[in-house]
**Student:** 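Before we start, here is the structure in question, set down as structure tokens.
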Number of protein chains: 2
Amino acid sequence: MIIEIDFNSDEALYLQLRNQIILGIATSRFREGDGLPSVRQLAEDIGINMHTVNKAYTVLKQEGFVRVDRRKGAVIAIDRERADTLEELKKELRIILAKGSCRNISKQEVYALIDEIYEDYGGVN
Amino acid sequence: MIIEIDFNSDEALYLQLRNQIILGIATSRFREGDGLPSVRQLAEDIGINMHTVNKAYTVLKQEGFVRVDRRKGAVIAIDRERADTLEELKKELRIILAKGSCRNISKQEVYALIDEIYEDYGGVN
DNA sequence: GGATTGTTATAATATTTCTATAACATGATG
DNA sequence: CATCATGTTATAGAAATATTATAACAATCC
């Protein structure tokens with residue numbers, strides 16, 4: 001389990017955890033059906049509280065990235081048919097691209113970034 | 001001043017404020033040299049505390065979007081030569097694109113979003 | 001001089017985040 | 001059946017962050 005937590009970051013631990021796992025799914029380090037470590041196990045590995053991990057898993061469940069069943073724990077299960085995905089993505093892009101645009105980041109530079117990032121996502125999409 | 005604050009959002013008020021202003025700059029509703037409302041004025045308009053607005057302005061100053069001088073208040077002044085802009089942008093893109101990628105958003109769909117967004121940014125970049 | 005500006009200080013409250021224990025029902029394992 | 005590990009839930013507290021409330025200050029504009 002390669003999960004990096006930055007205790008000096010201003011980002012909440014449970015969000016860092018969530019993000020790492022989503023990144024892990026996108027980069028195929030986690031695949032549909034894979035089981036995540038138990039909340040207690042992962043908490044111990046990282047050195048944080050069980051509930052913090054649980055919160056991350058709960059968010060991932062609500063966002064449709066994992067299914068959690070008794071005994072098996074959290075299992076990667078991606079809900080690929082989300083209605084608001086595109087609109088949500090656009091909303092998030094709008095603000096972070098605004099920052100770039102103010103600093104003269106061109107559309108082509110953004111394209112290049114997208115390409116680099118999607119390469120890590122392996123697929124040919 | 002067209003600033004929309006969502007009091008039901010889970011996003012901090014001062015961050016919503018910051019984002020709206022950055023968006024305003026990107027979409028040319030605010031231009032280099034324009035003055036922002038005084039902290040007291042804007043606070044009253046929105047119905048929040050002066051310090052919350054002040055915090056937003058302080059963040060904008062630190063991020064290089066405004067200059068603040070005595071008496072004039074906050075003035076749009078964009079530092080376009082930021083070293084870490086691209087790397088920072090990539091880091092932010094990585095996670096939100098991961099979310100999209102997991103839900104089968106193709107690179108072409110992302111391109112299309114970028115195009116739509118950059119159109120609002122007016123320029124030909 | 002008076003009004004308005006950002007700035008600073010101090011404090012109180014509310015919310016969020018993280019931790020700490022503990023108990024529970026469930027299901028796998030032996 | 002007994003044991004053990006699982007997520008879940010409850011409760012509580014600590015710590016950090018966000019928001020509000022007053023108040024005062026120096027600078028600057030009119």
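Per chain, numbering begins at 1; letters A, B, ... match sequence-line order.
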**Student:** Quick one: do Asp79(A) and Arg82(A) make a salt bridge, cutoff under 4.0 Å?
**Tutor:**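 Yes, charged N to carboxylate O under 4.0 Å.
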**Student:** Asn8(B) has an atom CG; how far is it from atom C1' of dT15(C), in whole Å?
**Tutor:** 15 Å
**Student:** With a cut-off of less than 4.0 Å, is there a side-chain N or O of Thr52(A) near OP1 or OP2 of dT17(C)?
**Tutor:**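 So the side chain of Thr52(A) is outside the cut-off, no N or O lying under 4.0 Å from OP1 or OP2 of dT17(C).
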**Student:** Would you mind building the protein contact string for nucleotides 25-30 of chain C? One character per nucleotide, 5' to 3', B for base within reach (heavy atoms under 4.0 Å), S for sugar-phosphate only, - for untouched.
**Tutor:** BSBS--
**Student:** Where does the chain A footprint on DNA chain D start and end, counting 5' to 3' with a 4.0 Å heavy-atom cut-off?
**Tutor:** dA5(D) to dA10(D)
**Student:** When you compare the side chain of Leu97(A) with that of Ile114(B), does any pair of heavy atoms fall below 4.5 Å?
**Tutor:** yes
**Student:** Between His51(A) and Gly73(B), name the one whose nearest nucleotide on DNA chain C is closer to the 5' end.
**Tutor:**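 Nearer the 5' end of the strand: Gly73(B).
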**Student:** Suppose clustering is done on Ile, Leu, Val, Met, Phe, Trp and Tyr with side-chain heavy atoms closer than 4.5 Å. Which residues sit in the same group as Val75(A)?
**Tutor:** none
**Student:** Rounding to a whole Å, what distance do you find between Leu42(A):CG and dC18(C):P?
**Tutor:**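 Atom-to-atom, Leu42(A) to dC18(C), this comes out as 14 Å.
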**Student:** Could you tell me whether Asp10(B) contacts a base, only the sugar-phosphate backbone, or nothing, with contacts defined as non-hydrogen atoms closer than 4.0 Å?
**Tutor:**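 Answer is nothing: Asp10(B) stays at 4.0 Å or more from every strand.
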**Student:** Flag the pair Lys107(A) and Asp115(B) as a salt bridge only when some basic side-chain nitrogen lies within less than 4.0 angstrom of an acidic carboxylate oxygen.
**Tutor:** yes
**Student:** Rounded to whole Å, how long is the line connecting atom CZ of Arg67(B) with atom P of dT5(C)?
**Tutor:**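 Between P of dT5(C) and CZ of Arg67(B): 17 Å.
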**Student:** For dT17(C), take OP1 and OP2 only and decide whether either is under 4.0 Å from a side-chain N or O of Tyr14(A).
**Tutor:** yes
**Student:** Does Glu32(B) CD have over 12 foreign heavy atoms under 6.0 Å away?
**Tutor:**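 Correct, the count exceeds 12.
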**Student:** Write out all pairs satisfying salt bridge (charged side-chain N to carboxylate O under 4.0 Å, His left out) with one or both partners inside residues 90-100 of chain A, taking only residues at least two apart or from two chains.
**Tutor:**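 Every salt bridge (charged side-chain N to carboxylate O under 4.0 Å, His left out) pair that includes a residue of residues 90-100 of chain A, provided the two are not neighbours, is Lys90(A)-Glu116(B), Glu92(A)-Lys99(B), Arg94(A)-Asp120(B), Lys99(A)-Glu88(B), Lys99(A)-Glu92(B).
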**Student:** Using whole Å, what does the distance between atom P of nucleotide dT19(C) and atom CG of Leu17(A) come to?
**Tutor:** 11 Å
**Student:** Taking only residues two or more places apart in sequence or in another chain, which ones pass side-chain hydrogen bond (donor to acceptor under 3.5 Å, both in side chains) with Arg40(B)?
**Tutor:** none
**Student:** Atom CD of Glu44(A) to atom P of dA20(C): distance rounded to whole Å?
**Tutor:**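 So the CD-P distance, Glu44(A) to dA20(C), works out to 13 Å.
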**Student:** Ignoring backbone atoms, establish whether Asn54(B) has a side-chain N or O less than 4.0 Å from OP1 or OP2 of dG6(C).
**Tutor:** no
**Student:** Does Thr52(B) have any side-chain contact (heavy atoms from CB on, under 4.5 Å) partners at least two apart in sequence or in another chain, and if so, which?
**Tutor:**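 Applying side-chain contact (heavy atoms from CB on, under 4.5 Å) to Thr52(B) gives Leu13(B), Tyr14(B), Ile48(B), Asn49(B).
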**Student:** Do Phe65(B) and Ile25(B) make a side-chain contact, defined as non-hydrogen atoms from C-beta onward lying under 4.5 Å apart?
**Tutor:** yes
**Student:** Considering just the side-chain nitrogens and oxygens of Lys55(A), establish if one lies under 4.0 Å of OP1 or OP2 belonging to dC18(C).
**Tutor:** no
**Student:** If you find the nucleotide of DNA chain D closest to Phe7(B) and the one closest to Met50(A), which residue's nucleotide is nearer the 5' end?
**Tutor:**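 Upstream on the strand: Met50(A).
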